[in-house]
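These notes concern the structure reproduced below.
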Amino acid sequence: MKKIFVYGLMLCTAALGFTSCNDDEDQLTDTRVTNYIVLTLNGDQVMYVDANSDFVDPGCTAELAGEDVSSKVIVDNPVNTSEIGPYVITYKAVNADGFAAEAYRYVYVGKPVTGTVSEGSYRQTWNGDGTPKAQVAWSGYDLFMLTDGNGKYWTEDLLGGYYYLRAGYGSNYAMEGFLQVNEDNTVDLAGGGFVPGWGDAYDDFTGGVYDPEANTISYDCVYAGMDFNVVLTLN
């Protein structure tokens with residue numbers, strides 16, 4: 001009786017072994033092939049558009065195994081020429097197996113301007129009693145800006161490139177924002193003020209002034225307990 005039990009156990013083990021081998025063979029012989037969609041932008045990947053002008057997206061073509069499948073492309077186009085600033089158009093298409101292809105176009109609305117961080121810019125921290133604790137000066141960094149030609153400016157960093165360029169942290173630590181030059185040459189913060197890398201925003205914005213003779217914009221931006229005095233020379 002014992003021999004019969006052992007023999008039966010051996011047969012079961014062998015059967016399991018054959019089943020396992022067959023499963024492996026099935027996996028090795030699965031030769032499904034998927035073709036990926038290839039997206040091609042029409043026109044330039046980077047475009048500059050005047051504020052309040054008409055913008056027509058040049059579009060994007062798609063090809064799958066030599067066949068034109070441009071009709072499958074889904075476009076996310078947020079461009080609004082009534083608001084200066086940078087925009088990203090996304091083109092996306094998915095093949096029959098669920099694999100997605102994406103392409104991007106970068107559109108800048110407004111006239112490009114360079115804002116050079118001038119001498120006199122500094123970052124200041126404070127003691128608990130309100131007296132100055134430390135001051136760090138920096139200058140010479142060029143910021144990319146856009147203007148609508150009517151006193152409104154978009155800047156890639158309200159902090160004057162302090163973390164973004166000076167410290168080398170990258171654009172995720174820049175504080176994008178909008179500056180509005182008023183008729184009396186005062187300057188207000190007209191939007192923005194958020195730092196994606198740290199997930200927080202400015203605390204206060206004061207002292208904004210435009211100097212038409214020097215062609216500069218200066219202001220104080222308080223962020224994380226520090227006072228950033230920024231002077232930008234517009235070129």
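- Aromatic ring centroids of Tyr122 and Trp138 lie 6.0 Å or more apart.
- Nearest approach of Ile37 to Ala101, heavy atoms of both residues: O-CB, 3.4 Å.
- Hydrophobic clustering (ILVMFWY, side-chain heavy atoms < 4.5 Å, transitive): Leu158 and Phe144 are in distinct clusters.
- In this structure, Asn95 contributes its side chain and Gly98 its backbone to a donor-acceptor pair below 3.5 Å.
- Phe228 and Phe194 are members of different hydrophobic clusters when ILVMFWY side chains are connected at heavy-atom separations under 4.5 Å.
- Arg123 and Thr125 get closest at one heavy-atom pair: NH2-CG2, 3.9 Å.
- The two residues Gly151 and Asp148 have their closest heavy-atom pair at N-OD1, 3.5 Å.
- In summary, the aromatic rings of Tyr173 and Tyr164 are positioned with their centroids too far apart to meet the 6.0 Å limit.
- Centroid-to-centroid, the aromatic rings of Phe99 and Tyr36 come within less than 6.0 Å.
- A distance of 6.0 Å or more separates the ring centres of Phe178 and Tyr153.
- The two residues Ala93 and Leu39 come nearest to each other via the heavy atoms CB-CD2, 4.1 Å.
- Scanning both residues, Arg105 and Gly59, for their nearest heavy atoms gives NH2-O, 2.8 Å.
- Relative orientation of the Tyr163 and Tyr169 rings is parallel, given thresholds of 30° and 60° on the angle between their planes.
- When every heavy atom of Val230 is checked against every heavy atom of Leu159, the shortest pair comes out as CG2-C, 4.1 Å.
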